[in-house]
Amino acid sequence: MSQRIKIKALLESEQTGIDIKINGWVRAFRQNRFIALNDGSTNNNIQIVVDFENTDPNLLKRITVGAAISVTGELIASLGKGQKVEIVAKDIEILGDCDPEKYPLQLKNRPSLEFLREIAHLRFRTNTFGAIFRVRNSLAFAVHQFFQERGFIYLHTPIITASDAEGAGETFHVTNFDLANPPKTESGEVDFSQDFFAKATNLTVSGQLEGELGAMALSDIYTFGPTFRAENSNTTRHLAEFWMIEPEVAFNDLNDNMDLAEDMLKYVIKYALDKNAEDIEFLTQRLAEEEKQKPQNERSEMSLLEKLQFCLDNDFERLTYTEAIDILKESTPNKKKKFQYPVEGWGTDLQSEHERYLVEKHFKKPVILTDYPKEIKAFYMRQNEPDANGRETVRAMDILFPGIGEIVGGSQREERLEKLEQRMDEMGIPKDELWWYLDTRRFGACPHAGFGLGFERLVLFVTGMGNIRDVIPFPRYPKNAEF
RNA sequence: UCCUGAAUAGCUCAGCCGGUUAGAGCAUCUGACUGUUAAUCAGAGGGUCGCUGGUUCGAGUCCAGCUUCAGGAGCCA
């Protein structure tokens, strides 16, 4: 018995006249004769030709959409149009039956993305989700390759943490207590000193603070792991469980940080374009079909493929928050009062509509905004000297992508102990809980910078999908933890 | 969490001003055909109209509450 070969390798070799063995799932069985077989290695199917007149009818009946089969036969140049090669079956074995009356993914059905989300355990078997998860895989690999090539250390920061200090959002609690009857202190509060970790713990909302600790010795580190936010966010851009990439680099300033982020994004997008050309072509078609449903003025000017290529060919636009406010104030929609939130003063955070205007209308490319007002940013960001007007900003940077919004958030960190402590006091961050973080500012502190990249938002952008719940295999969001 | 909209067959949807037995396409099943590739042709089966209550002689249709979903907003990555 010959070794099993994957369909991707088979279609690439096109070496005809040899006997091969192929395993996969039936996508279609036409005219009792032609099987379209897929094994997930590529979006393309291989056509199996069955000699139905000399095949057991009971076997033919079991070749149904979704069934797992093993085929041995000869690879030949196709006698029909539509494919270069096909397999003339000599032996077909049913590995797993699939009852067509119950199987929801029949070839000619047009299931909605919402319906497929309800059968997420099966949606990998569609062309769209096959393509998405192959692209996701490539992007994840490319992230590691990018950092590894540059000598970064992959640092595993903890999933369970005790600090809720960063203020990055609501946390999920981690406890071993019997929730109906937790031990109480004399004052009636839950007594976490008796819990597993002898203190209140939660799932991490960010590995950044621990990442900084690593960078203060290893120089260049990155994390790539799951992150949890218990925010009641019901949007196409948020998940309760998502994967985040967080590099942290000693001796980098904000400009180095921006260069790193831009290089990384371009690197991984290019990798996916090279590695997953067929999948991205398919996703480009899918998006074009979807956009046909929209009115003309809501369709994007570029196809997905063009958008990705454009992203590689152009520098991201870099400007300060203050400059962005000036542009927005003078913008047509602001003057015509088209914004739901008019841009008036300096100091408030930008609304989604403002970010979208800058990225999609004004610059028409990815934008990096820097130097945000100190008041709207986290405590650990490095403080700038006040400007001539006495405005106080921090060395923050957000990268905004078309259709996605904020994909990266980062900053140069405040390495000066005094400034950091002062800011923590102002913001009510408990210094005693973060004694270990402050120690890095006591022992050999140095300038450093880092950022967080929401991996699913990157996958959203590269696949052209519209809902973040469709680019992670089993999405976690409010009221949903099926599968 | 807020705003807006939606929920009808396995899927995608139609169902008008409240009126007999709720429709279509696809899928499924049966048969025909056999170089198809969203195969084609003929026939058949398939429904607690999301849930609870209300208005009415009569509710898929109107009203209220709930649940879930979608889009937008906030929070953010």
Side-chain angles (χ1 to χ4, degrees), chain A residues 27-37 44-53 60-61 64-66 78-83 86 88 98-119 122 126-127 166-170 205-208 226-246 261 293-294 298 339-341 349-356 376-378 398-401 404-410 451-461 466-470 472 477-480 482:
Chain A
R27 284 289 177 84
F29 187 31
R30 285 181 287 269
Q31 259 189 347
N32 222 13
R33 186 168 192 177
F34 302 102
I35 303 170
L37 196 70
N44 298 310
N45 302 326
I46 183 80
Q47 174 155 289
I48 315 288
V49 185
V50 183
D51 179 6
F52 63 93
E53 284 165 322
L60 291 175
K61 278 205 151 178
T64 58
V65 173
S78 178
L79 303 178
K81 289 170 185 164
Q83 59 280 317
E86 64 193 16
V88 178
C98 187
D99 183 352
E101 296 213 43
K102 294 184 180 140
Y103 189 60
L105 292 174
Q106 297 299 331
L107 179 73
K108 290 209 284 186
N109 281 354
R110 300 287 100 157
S112 61
L113 294 171
E114 293 81 32
F115 173 67
L116 291 171
R117 219 170 283 150
E118 291 171 18
I119 51 166
L122 297 175
T126 64
N127 284 330
E166 203 201 332
E170 286 291 309
V205 293
S206 163
Q208 180 201 316
T227 309
F228 309 88
R229 308 256 168 109
E231 296 289 340
N232 191 5
S233 295
N234 293 284
T235 80
T236 54
R237 305 178 307 284
H238 292 86
L239 290 165
E241 175 183 291
F242 64 100
W243 289 67
M244 193 149 65
I245 296 145
E246 296 178 290
Q293 314 293 322
K294 293 187 188 170
E298 285 177 30
F339 283 140
Q340 195 187 337
Y341 298 90
D349 213 348
L350 299 179
Q351 303 290 322
S352 293
E353 57 178 346
H354 305 144
E355 294 181 350
R356 222 176 308 127
I376 59 173
K377 286 293 182 183
D398 282 0
I399 301 185
L400 310 177
F401 262 36
I404 313 286
E406 187 179 340
I407 193 166
V408 164
F451 61 84
L453 168 83
F455 184 59
E456 282 75 18
R457 290 192 180 171
L458 174 65
V459 183
L460 257 190
F461 181 72
N467 192 319
I468 202 163
R469 296 167 185 182
D470 293 331
I472 187 168
Y477 49 95
K479 299 192 171 76
N480 199 301
E482 195 66 53

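Letters A, B, ... are given to chains in the order of the sequence lines, protein chains preceding strands, and every chain is numbered from 1. Everything quoted here is computed from the prediction, not taken from an experiment.
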Going by purine N1 to pyrimidine N3 plus the second Watson-Crick contact, or the G-U wobble pair, all under 3.5 Å, which nucleotide sits opposite [N]?
N     : value
B:A6  : B:U68
B:A14 : none
B:G19 : B:C57
B:G35 : none
B:U1  : B:A73
B:G45 : none

Side-chain N or O of A:R356 less than 4.0 angstrom from OP1 or OP2 on B:A73?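 Indeed, a polar side-chain atom of A:R356 lies that close.
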State whether the side chain of A:E170 and the backbone N or O of A:E231 hold a donor-acceptor pair below 3.5 Å, judged by distance alone.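 No; zero donor-acceptor contacts below 3.5 Å.
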From [options], nucleotide with atom closest to [X] side chain:
X      : options             : value
A:Q31  : B:C26, B:G35, B:A73 : B:G35
A:E231 : B:C75, B:A70, B:A77 : B:C75
A:K108 : B:A39, B:U30, B:A27 : B:A27
A:I468 : B:G71, B:A77, B:G10 : B:A77
A:R237 : B:A77, B:U30, B:A73 : B:A73
A:Y477 : B:C69, B:A73, B:U36 : B:C69
A:H238 : B:C75, B:U34, B:A77 : B:C75
A:F52  : B:A27, B:U34, B:U12 : B:U34

Distance check, [atom1] atoms only: [N] and [M], in whole angstrom units.
N     : M     : atom1 : answer
B:U40 : B:G45 : P     : 22 Å
B:C63 : B:U1  : C1'   : 26 Å
B:A24 : B:U68 : C1'   : 26 Å
B:G25 : B:G19 : P     : 24 Å

Does the ring of A:F242 meet both stacking tests against the six-membered base ring of B:A77: centre distance under 5.5 Å and plane angle under 30°?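 Yes; by the centre-distance and plane-angle rule, A:F242 counts as stacking on B:A77.
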Do the side chain of [X] and the base of [N] come within less than 3.5 angstrom through a donor-acceptor pair of N or O atoms?
X      : N     : result
A:E118 : B:U68 : no
A:S233 : B:C76 : no
A:R457 : B:C76 : yes

Restricting to side-chain contact (heavy atoms from CB on, under 4.5 Å), what partner residues turn up for A:H238, sequence neighbours left out?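 Only A:S233, A:T235, A:R457 meet the side-chain contact (heavy atoms from CB on, under 4.5 Å) criterion with A:H238.
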Quick one, A:N45 and A:Q47 - any side-chain contact, counting heavy atoms below 4.5 Å?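 They are not in side-chain contact.
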Is the closest side-chain heavy-atom distance between A:N467 and A:L113 below 4.5 Å?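 No, too far: nothing below the 4.5 Å cut-off.
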Glycosidic conformation of B:C57, syn or anti, with 90° from 0 as the boundary?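 Glycosidic conformation of B:C57: anti.
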A:H354-A:Y341 aromatic ring centre distance below 6.0 Å: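 For A:H354 and A:Y341, the ring centres are not under 6.0 Å apart.
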